[in-house]
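In this text the structure is predicted, and so the values were computed from the model without any measurement. The chains referred to below are lettered A, B, ... by the order of the sequence lines, with proteins before strands, and numbering in each begins at 1.
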Number of protein chains: 2
Amino acid sequence: MALQLAVSSVILALRPSPDDDGDDGGGVLGLWIPLVRRIREPYEGRWALPGGPLGEGCGLEQAARNALTTSTGLDPAYLEQLYAFGGLDRSRDRENEGPDPDRVVSIVYWALVRAEEDQAAVRAHNVEWFPVDALPDLAFDHIQVIDYALARLRAKILYSPIAHAFLPTEFTLAELRAVHEAVLGRELDPANFRRQTLASGGVEPTGRRLEGTNHRPPSLYRYRAESVATSPTPPPRSAS
Amino acid sequence: MALQLAVSSVILALRPSPDDDGDDGGGVLGLWIPLVRRIREPYEGRWALPGGPLGEGCGLEQAARNALTTSTGLDPAYLEQLYAFGGLDRSRDRENEGPDPDRVVSIVYWALVRAEEDQAAVRAHNVEWFPVDALPDLAFDHIQVIDYALARLRAKILYSPIAHAFLPTEFTLAELRAVHEAVLGRELDPANFRRQTLASGGVEPTGRRLEGTNHRPPSLYRYRAESVATSPTPPPRSAS
DNA sequence: CGGGCTTATGGTCGAGGCAACCTGAAGGGG
DNA sequence: CCCCTTCAGGTTGCCTCGACCATAAGCCCG
């Protein structure tokens, strides 16, 4: 049988990055991706997106979640289908290295994991985290897949409340704004961000205040996301 | 081998519909979909989306185009991947009819065909056109797939110049506006539509005028779409 | 304990997009 | 020849968004 179907995931987490742009040098947030080292022949030894074959008796999304958890130990807070690659599409920019990657169809998901959980993957074998602006050489066309996932994230964070998937269930508006700034790569006005975030309805105030903040100053309220839809794209639901 | 991979398409065309809403009764444009009658056991005799198994030696998009042309005889002006369904996802709302549709993964594309071409499919066997608001009972969960494709079309026509995929290479602004009105289901202001269409840059005036119009009146310019990207979603291109 | 610093919070203002509406012009049909 | 339909362009008002400013509320440090 010449047809293989794999399910892989672009997993995105937000952690303080040591990338010294020369700005302030403080703990600037950046996007990180866990990759696994291939142990089989096509591109053996290269880094690749975590994934696995389509499991038995479960749907595509569950298969993606299983493969993701098995290979990295993570439990994503958000998971959505990205694109289905396959056939000879991926051989566009390959010359003739490796045997025959034809007849390999891979359905790729993209996932967001919370900050406190992104350390769980350290335990897994052959898994290493890389910042998205300093990726190693990747197997297949995975670099393009990652670029596409990043474009999707940057586009979707503008109109959909998915930023809190990077954060715990309760967070301050400053933390949420830091997520947006890290993803979009530019600073946002605190006042405007507060207004449009509260007006969008994706977030609600808990009423509780945050007192023990490390060195930050004034009236910090805490906000909580109301409903985190894990997979808003599939057909059962029509886009608003 | 328990894994089957199929490629099917939601094909959309615009043709005058005989649906008498009681408005003006004239040739109102409506969306139509070609369906094929199943001749094999799961849901035999029911109408289903045209498709076929993943062919040899070609990519997913080319496979979708081949299956589409083979079963309906159409050549779509626009083709884009919609979603990958499979595993047990589709058994959510099935009780226990049919044998075992598990392990069937189908990658669904959506396509737009031009008005002058949508008659070509009449020749094909077992193919019939249905208006989207009067669909018969469909096999599998294809009704949800169609709903999802319609939602994508209505959402994407608002920000992307894909409406001219329903029209010949040159068309009047009135024709383009009629397409938008038919897809969105509401009337649009001619002046505002003209302004934002010309400002969007997706269309350019040819300078030629249309004289022999049937009964319509005055200065009709013709416009031509500049570049029709068939598949704007895949990773090589990042969303603007 | 108090000054200075950082940051949230609310307000204002101007630019731009958009929907609705109006007026004039160009043809074609009765 | 008059009327009717439709395009073409203009105007107005509303809403949104980004930029900017002022104030207040803590925290840090002297």
K.L.:
In whole angstrom, give the distance that lies between atom CZ of Arg186(A) and atom P of dA19(D).
P.N.:
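The distance from CZ of Arg186(A) to P of dA19(D) comes to 8 Å, rounded to the nearest Å.
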K.L.:
Are any of Arg177(B)'s side-chain N or O atoms less than 4.0 Å away from OP1 or OP2 of dC7(D)?
P.N.:
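Answer is yes, contact under 4.0 Å.
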K.L.:
Scan Arg195(B) against the nucleic acid and name what it touches under 4.0 Å (heavy atoms): base, sugar-phosphate only, or nothing.
P.N.:
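Counting heavy atoms under 4.0 Å across all strands, the contact made by Arg195(B) includes a base.
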K.L.:
Within this structure, what is the CG-to-P distance between Leu173(A) and dA8(C), rounded to whole angstrom?
P.N.:
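Rounded to whole Å, this separation is 9 Å.
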K.L.:
Looking at Tyr83(A), Tyr148(A), Tyr78(A), which hits ring-ring contact (aromatic ring centres under 6.0 Å, His included) with Trp110(A)?
P.N.:
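With Trp110(A) as partner, ring-ring contact (aromatic ring centres under 6.0 Å, His included) holds for just one option, Tyr78(A).
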K.L.:
Take atom CG of Asn192(B) and atom P of dC22(C), then tell me their distance rounded to the nearest Å.
P.N.:
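Answer to the nearest Å: 13 Å.
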K.L.:
May I have the distance from Leu198(A) (atom CG) to dT16(D) (atom P), rounded to whole angstrom?
P.N.:
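My rounded result for the distance is 15 Å.
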K.L.:
Please report the distance, rounded to the nearest Å, between CG in Leu176(B) and P in dA8(D).
P.N.:
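In whole Å, dA8(D) P and Leu176(B) CG are 13 Å from each other.
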K.L.:
Between Arg194(A) and dG10(C), is there a side-chain N or O to OP1/OP2 distance below 4.0 Å?
P.N.:
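Answer yes for this pair, as a side-chain N or O of Arg194(A) is under 4.0 Å from OP1 or OP2.
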K.L.:
Would you mind reading off the distance between Glu187(A) atom CD and dG18(D) atom P, rounded to a whole angstrom?
P.N.:
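Going from CD in Glu187(A) over to P in dG18(D) covers 15 Å.
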K.L.:
How many Å lie between NE2 on His180(A) and P on dG18(D), as a whole number?
P.N.:
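Taking NE2 of His180(A) and P of dG18(D), I get 12 Å after rounding.
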K.L.:
Could you tell me whether a side-chain N or O of His142(B) sits under 3.5 Å from a main-chain N or O of Leu49(B), the two making a donor and an acceptor?
P.N.:
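At least one qualifying donor-acceptor pair exists.
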K.L.:
Mind calculating the distance between CZ (Phe193(B)) and P (dT6(D)) to the nearest angstrom?
P.N.:
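Rounded to whole Å, this separation is 16 Å.
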K.L.:
Parallel, tilted or perpendicular: which fits the ring planes of Phe171(B) and His164(B), with parallel below 30° and perpendicular above 60°?
P.N.:
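Ring orientation of Phe171(B) relative to His164(B): parallel.
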K.L.:
Does CD belonging to Glu187(B) count more than 12 external heavy atoms closer than 6.0 Å?
P.N.:
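For Glu187(B), atom CD is not crowded (no more than 12 foreign heavy atoms under 6.0 Å).
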K.L.:
Between dG11(C), dC7(D), dA19(C), which nucleotide has the shortest distance from any of its atoms to the side chain of Ala191(A)?
P.N.:
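Side chain of Ala191(A) sits closest to dG11(C).
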K.L.:
Go through dC20(D), dA8(C), dC7(D) for me and flag the one nearest to the Asp189(A) side chain.
P.N.:
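My answer, after comparing the listed nucleotides, is dC20(D).
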